[in-house]
Amino acid sequence: MAAAAAAQTTLQLIDGSGTFNEKGLEAFVREVRLAECGLSYAVVAIMGPQSSGKSTLMNHLFKTRFVEMDAFKGRSQTTQGVWLARAEGGVDPCTLVMDLEGTDGRERGEDDTAFEKQSSLFALAVSDIVLINMWCHDIGREQAANKPLLKTVFQVMMRLFTPRKTTLLFVIRDKTRTPLETLEPILREDIQKIWDVVPKPEKYQHTPLSEFFNVQVAALANFEEKEEQFKEQVAELRTRFMNSVAPGGLAGDRRAVVPGTGFPFSTQQIWKVIKENKDLDLPAHKVMVATVRCEEIAHEKIMALGLNPEWQQLEQRVRDDVPIPHFGSAVSSILERFLLEYDAEAAYFEEGVRIVKRSFLMSKLLDHVQPSYQTVLGHHRVKTLSVFKQKLNSATDSSSQKLGFAILVRQCSEAAMVDFDACCADAQIMEADWDTSKLKEKLRRDIDAYSRSMRAEKILQLTKTFEKKLDVAIGDPAASLLDAASPDTWPAVTKLLEHEVAVATSGFKHAIEGFEPTTEELSPMLVEIFTYGRGIVEKKAREEAGQVLIRMKDRFTSVFGHEADNMPRVWGEEHDVRAITRDARVAAVKLLAVLAAVRLKPKGISSDVIETSLLTLVGEPQDSLQRTLSRKLSVNSSTSNPNPASAGSQVLAASTWAGISPSDILLTPVQCKTIWRQFQNETEYTISQALAAQDAAKRGKSWMPPPWAICAMVVLGFNEFMALLRNPLYIAILFVLYLFLKAVWVQLDIKREFDHGFLPGILSISSKLLPTLMNLLKKLADEGQRIGVDAGAGSNQTNGTNTNGVLHRDIQLNDMAADSVSESSFENGDHMTGNLRQRQPTKYS
């Protein structure tokens with residue numbers, strides 16, 4: 001279980017045979033989220049003799065889970081290779097801990113010390129802090145305390161890698177009574193002696209040890225004998241690792257730190273170099289120095305170029321898009337100066353290395369100036385494109401320009417490419433062999449794209465111009481023809497459309513010749529013009545179809561209410577209202593048939609199909625003899641000849657017109673039938689008004705009874721007539737009674753009450769009769785009081801006088817009834833025409 005737990009938190013970075021665990025390290029770095037730390041992390045390694053308690057110390061110091069030696073099984077090798085873990089226990093910042101295989105182990109023997117040296121060198125190269133675990137009793141001994149190993153490590157460290165400030169923390173284990181103040185100087189003296197005798201490059205001959213290493217010492221009690229004291233001292237030592245990379249910390253003055261994202265690759269490359277130099281057989285001193293020094297000189301020149309005032313000024317002008325004449329020659333002179341300086345400083349180094357590093361320097365210098373070079377060419381490309389656009393726009397907008405658009409594009413594009421070639425030659429750097437073909441190709445694509453865009457825009461403008469002309473030429477005439485809605489409407493509209501489209505197409509072909517369109521391009525344009533013209537007609541037709549009900553009513557009113565000479569019709573006995581109504585409805589149906597569908601085909605379906613179907617809504621005129629014959633022959637005719645009205649109703653029940661494209665249908669048969677119903681409902685009042693006017697005219701001409709009625713009244717009413725002559729009072733009473741009943745009749749408007757049915761009329765009259773009688777009697781009484789001032793002398797009045805008074809009251813009563821009729825008619829919305837009111841006969845006067 002312990003081994004499984006350790007495997008979950010620790011990583012064997014390098015196994016005992018020297019194989020580097022690349023995938024495991026990448027997974028480990030992701031697990032500890034080292035990439036988020038940036039530079040804020042530290043690497044701590046420990047090395048020392050085998051079985052000296054290194055793993056135990058690291059587990060207590062950093063709360064890791066490295067496998068420790070089991071003392072009961074004997075002293076043997078526990079850690080093989082290099083192990084890696086992350087420090088726990090609140091150590092901040094992120095700290096990676098490496099546990100190295102112990103040195104001087106019997107498992108590898110006396111002669112196999114290569115891995116020990118490689119792992120120790122690896123720890124010094126990678127770690128910021130290296131703990132050297134040593135026994136207290138080994139201090140002062142020549143062959144103890146890893147002195148030979150430190151000599152080799154110091155020497156190789158300076159020759160193989162760029163020196164970095166590494167902290168060496170010597171941990172003295174099993175400290176005796178000897179004070180640390182006494183042990184530390186002895187230990188530092190031994191370390192200084194090792195440093196002094198190690199061979200160093202010339203430039204590091206007088207460099208002190210403190211320039212490369214920060215040496216510190218710590219002491220710990222025996223873990224087995226003084227465990228509590230050991231743990232206390234370890235806890236105190238752990239505090240020194242807090243904020244270890246901050247200024248003043250254990251690794252506060254470290255150098256050349258690799259960011260967390262580059263730690264896996266950097267570690268792998270370091271081990272690769274060490275592994276390849278298994279016996280630490282480094283390159284010859286001369287080659288090494290030449291390599292390092294020439295590379296340093298090259299980097300210095302690269303940095304100097306970025307700080308050069310002349311180059312900075314040139315670069316700033318490039319960024320500001322300031323024209324720079326002879327840019328290429330100016331940059332070449334600057335680069336040549338830096339190359340001459342390099343040659344002078346590297347003249348005494350090994351020639352092969354010097355040439356290689358000179359090529360490296362040239363490559364880096366060109367890499368440094370290439371962005372500016374590309375920017376200059378980009379500015380030239382933009383300016384060349386802008387000039388091309390201006391020239392093309394001015395040439396195409398010029399009214400005096402007689403050349404076609406395609407010729408102008410070729411001329412302007414050729415001139416633009418010549419100008420750009422000259423700009424590229426001026427900006428070319430002599431030392432570089434950069435290809436500008438891609439940039440030229442991009443400019444060519446930009447020119448072609450703009451030309452195509454402008455060509456499309458100009459063609460669109462030209463198309464819009466001719467479409468506007470079509471709007472003017474077709475719109476109003478087509479609307480006028482559709483408004484007339486005559487039988488030849490659609491042939492006339494088709495002829496108009498074909499003529500105007502032909503005129504527009506001819507003009508468009510002539511106008512577009514300068515664009516040099518291909519046949520494949522021109523054909524869709526001509527089709528579009530025709531489609532647009534047709535769309536104008538369809539739009540106007542749909543507008544008229546949307547107002548078809550209003551148009552039908554206007555057509556009906558025009559035919560129904562006017563004579564043949566277009567004069568208003570005054571209804572009389574001589575007019576056949578039914579025939580006129582049918583004629584007006586037929587005219588409305590024909591208008592509906594015209595606006596039911598678009599028929600622009602020269603030889604297409606005429607309106608007869610639609611018109612024939614819609615005429616079934618009107619029906620055929622029949623006299624009484626024809627209706628009788630139709631009823632007698634209905635059975636035979638239904639079997640032998642189908643009823644046209646039945647066939648028409650079937651057509652009107654469909655959703656489309658037969659033989660007509662759905663896109664050309666403006667009103668479906670079902671919609672036409674619905675419109676016809678609404679039309680009939682809205683024109684019934686006009687027809688009833690005409691019939692009423694005709695009846696009124698008839699009554700106005702025949703107000704006297706027929707002659708036979710007059711003769712009958714004379715013969716049959718002779719006795720009654722003589723009785724009335726003998727007693728004139730009866731005549732007065734009957735006349736007053738007639739006037740009173742007439743007033744009640746008018747006041748109740750009995751005829752209107754019975755329009756809703758007999759029973760509702762009786763109920764309504766019964767509820768209004770008594771109030772009406774009371775109202776009339778009241779008015780009669782008031783009138784009697786006003787004219788009866790001589791009531792006391794009634795006995796002296798003659799019968800003629802009484803009769804005149806009664807007649808006067810009856811006339812007043814009749815006037816009141818007439819006023820009531822007018823008020824009742826206004827309240828009920830019963831408006832009559834002028835003809836009806838003028839021709840209404842009065843039965844009393």
Side-chain angles (χ1 to χ4, degrees), residues 1-15 19-47 54-68 79-101 119 122-131 161-162 164-167 169 234-235 237-274:
M1 293 296 294
Q8 295 176 0
T9 56
T10 60
L11 168 70
Q12 188 175 22
L13 184 60
I14 302 172
D15 61 15
T19 303
F20 191 88
N21 189 357
E22 179 182 355
K23 294 183 178 179
L25 179 59
E26 292 178 355
F28 177 83
V29 168
R30 287 195 300 269
E31 181 181 353
V32 301
R33 304 171 70 176
L34 186 62
E36 300 178 4
C37 299
L39 298 178
S40 182
Y41 74 98
V43 181
V44 180
I46 186 170
M47 60 183 179
K54 299 187 302 299
S55 300
T56 303
L57 173 60
M58 299 302 268
N59 290 340
H60 284 82
L61 184 59
F62 296 109
K63 306 299 182 182
T64 55
R65 297 183 180 180
F66 294 122
V67 179
E68 301 177 8
T79 303
Q80 290 186 348
V82 179
W83 290 76
L84 181 66
R86 177 177 178 174
E88 303 295 341
V91 177
D92 187 65
C94 177
T95 301
L96 303 183
V97 182
M98 287 196 302
D99 187 11
L100 275 66
E101 179 181 324
S119 61
F122 175 76
L124 282 173
V126 173
S127 305
D128 301 305
I129 305 170
V130 178
L131 278 65
F161 302 99
T162 302
R164 57 200 305 260
K165 195 69 174 286
T166 305
T167 299
L169 179 57
V234 168
L237 181 61
R238 185 187 302 119
T239 60
R240 300 173 66 176
F241 288 90
M242 296 296 181
N243 300 319
S244 57
V245 299
L250 281 176
D253 52 354
R254 61 180 180 167
R255 305 169 191 163
V257 183
V258 178
T261 54
F263 179 79
F265 178 76
S266 174
T267 306
Q268 182 185 5
Q269 292 301 313
I270 290 173
W271 178 251
K272 181 179 179 182
V273 173
I274 295 174

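We use all heavy atoms of the structure for the numbers below, so side chains are in, but hydrogens, waters and symmetry mates are not.
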Rounded to the nearest 0.5 Å, what's the gap from CD on Glu68 to CG on Asp99? Could you check? 9.5 Å
Is there a side-chain contact between Phe241 and Val97 in this structure, where contact means two heavy atoms from C-beta onward sitting under 4.5 Å apart? no
Work out which heavy atom in Tyr41 is nearest to a heavy atom in Val245; give both atom names and the distance. O-CG1, 3.5 Å
Check the pair Leu96, Leu34 against side chain to side chain contact (heavy atoms under 4.5 Å, CB included), reporting the backbone distance first and the verdict last. CA-CA 9 Å; Leu96 303 183; Leu34 186 62; 3.9 Å; yes
Are any of the side-chain heavy atoms of Glu26 and Val29 separated by less than 4.5 Å? no
Please confirm whether the backbone N or O of Gln80 pairs with a side-chain atom of Gln12, one donor and one acceptor, at under 3.5 Å? yes
Is it true that a side-chain atom of Asp15 and a backbone atom of Gly81 form a donor plus acceptor pair closer than 3.5 Å? no
Inter-residue atom distance Asp128.CG - Ser244.OG, 0.5 Å rounding: 7.5 Å
If you define the side chain from C-beta out and look only at heavy atoms, does anything of Lys63 sit under 4.5 Å from Arg238? yes
So how far is it from Leu61 CG to Ile46 CD1, rounded to the nearest 0.5 Å? 8.0 Å
Name of the residue among Phe66, Trp83, Phe122 meeting side-chain contact (heavy atoms from CB on, under 4.5 Å) with Met98: Phe122
Say you draw a straight line from CG of Leu100 to CG of Leu13; how long is it, rounded to the nearest 0.5 Å? 9.5 Å
Rounded to the nearest 0.5 Å, how far does CG of Asn59 lie from NZ of Lys54? 12.0 Å
Where do Val82 and Ser119 come nearest, in terms of heavy atoms and distance? CG2-CB, 4.3 Å
Residue pair Trp271 / Val126, side-chain heavy-atom distance below 4.5 Å: no
Which heavy atom in Leu131 sits nearest to a heavy atom in Met58, and how many Å separate them? CD2-SD, 4.3 Å
Side-chain donor or acceptor of Thr95 paired with backbone N/O of Ala87 under 3.5 Å: no
Side-chain heavy atoms of Pro264 within contact of Glu22, under 4.5 Å: no
For the atom pair CG (Leu84) and OG1 (Thr64), what is the distance rounded to the nearest 0.5 Å? 10.5 Å
